[in-house]
Amino acid sequence: FRSRLIHLSTQFSSEEMQEYVAWILAWEYNQPWSFSFKTLEIVRTLGKGDIELFRKFWGLVFGRKDFFRQLYGFDNECKVMRELGIWYDNYLYLVELWLVWDSESVRNIWSDMPESYEFDIQWKKITLKKEGKSKLEFSSLTTAWLELFSIIWFEKNDTLLELVKTEFIRQWFYE
């Protein structure tokens, strides 16, 4: 595995991309099998612009694995997200790169759940209370993105944080 990873690192012309492979090597040395072969193949196809886009979307991810795809369906959010450079076309591009699942998941939260729901986003813990029979509709990240989460830092963005909180509230939660 390590020899394949070292060989992979020679296929990048960009120093920045070689640096990411070096971080993967370091993780693999300290925590073997943290990265799958599929993730390595995906990393091989990524460019600097892809990583920058990846960082922007990271600000929407809650629970380190999910995000609200339907944010693209609301006019105000669409405008804000377009201005931030994370428009729907960029989402579809991340799907092509095999970083995002292009399917919508629904998780029902019924009365047996606690009165509050805690999630983390941008390294912050947010607690919201549920109202009635709540359900969360979200899209999930691929295993590759989850594995890369540990080595690719995100761009903190309070605007995206508020969009996610607003979407939770729209889905039967309140502060």
Side-chain angles (χ1 to χ4, degrees), residues 1-2 4-9 11-12 14 16-72 81 84-109 113 117-128 135-158 160-161 163-165 167-168 171:
F1 181 84
R2 287 189 188 117
R4 186 171 175 184
L5 187 57
I6 291 168
H7 174 70
L8 178 67
S9 68
Q11 297 178 9
F12 293 103
S14 160
E16 182 178 357
M17 292 308 295
Q18 288 178 351
E19 189 174 307
Y20 289 123
V21 173
W23 287 343
I24 291 173
L25 274 170
W27 270 86
E28 282 300 315
Y29 180 78
N30 292 315
Q31 299 173 353
W33 299 105
S34 297
F35 294 88
S36 66
F37 286 122
K38 177 71 173 174
T39 299
L40 297 180
E41 288 302 314
I42 290 170
V43 168
R44 188 177 58 79
T45 65
L46 297 177
K48 183 178 178 180
D50 301 332
I51 298 295
E52 293 305 315
L53 181 60
F54 180 91
R55 283 183 174 143
K56 289 178 184 180
F57 268 89
W58 206 101
L60 288 171
V61 176
F62 63 89
R64 295 184 58 99
K65 64 181 178 4
D66 303 311
F67 67 98
F68 293 118
R69 184 175 81 170
Q70 66 268 26
L71 286 174
Y72 292 108
M81 291 169 65
L84 294 171
I86 52 175
W87 183 232
Y88 189 68
D89 290 348
N90 300 125
Y91 161 79
L92 293 176
Y93 182 66
L94 290 175
V95 170
E96 287 178 29
L97 292 175
W98 198 253
L99 294 172
V100 176
W101 293 108
D102 190 28
S103 65
E104 208 169 291
S105 302
V106 177
R107 180 183 304 156
N108 289 319
I109 299 176
M113 293 293 285
Y117 182 78
E118 184 177 277
F119 66 96
D120 63 312
I121 181 170
Q122 298 184 24
W123 303 118
K124 292 182 181 181
K125 291 277 187 209
I126 308 286
T127 302
L128 298 174
K135 68 177 183 175
L136 298 178
E137 298 180 16
F138 55 86
S139 292
S140 296
L141 307 178
T142 63
T143 301
W145 189 327
L146 295 174
E147 291 175 0
L148 292 172
F149 225 70
S150 57
I151 63 164
I152 298 180
W153 308 111
F154 72 99
E155 295 179 12
K156 183 177 178 282
N157 189 309
D158 291 332
L160 293 179
L161 178 73
L163 284 178
V164 173
K165 282 176 61 176
E167 185 55 29
F168 266 102
Q171 294 195 40

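Here, residue 1 is the first one in the sequence, and each next residue gets the next number.
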- Task: Of all the heavy-atom pairs spanning A144 and T39, show the shortest one and how long it is.
- Result: CA-OG1, 3.3 Å
- Message: So, taking the atom named OG1 in T127 and the one named CZ in F168, what distance separates them when rounded to the nearest 0.5 Å?
- Response: 10.5 Å
- Going by heavy atoms in the side chains, are K38 and T143 under 4.5 Å from each other? no
- Side-chain touch Q122/L160, heavy atoms, less than 4.5 angstrom: yes
- CD1 on I121 to NZ on K165, rounded to 0.5 Å: 10.0 Å
- Interatomic distance, CD@E147 vs CG@L141, rounded to 0.5 Å, equals 12.0 Å
- Is any side-chain heavy atom of D158 closer than 4.5 Å to a side-chain heavy atom of K124? yes
- With rounding to the nearest 0.5 Å, note down the distance linking CZ in F54 to CG in L99. 6.0 Å
- Task: Using the six-membered ring wherever Trp is involved, compare the ring planes of F57 and W145 and label them parallel, tilted or perpendicular (cut-offs 30° and 60°).
- Result: perpendicular
- Item | Approximate separation, where rounding is to 0.5 Å, of L84 CG and N157 CG | 5.0 Å
- Message: For the CG atom of L97 and the OG1 atom of T45, what is their distance to the nearest 0.5 Å?
- Response: 6.0 Å
- Under the side-chain hydrogen bond (donor to acceptor under 3.5 Å, both in side chains) rule, collect the residues that match up with D50, sequence neighbours excluded. Y93
- What one should report as the nearest heavy-atom pair of G85 and N90 is O-OD1, 3.1 Å
- Heavy-atom distance under 4.5 Å between the side chains of F119 and V164, does that happen here? yes
- Task: State, with a plain yes or no, whether a side-chain heavy atom of I126 is found less than 4.5 Å away from one of F62.
- Result: no
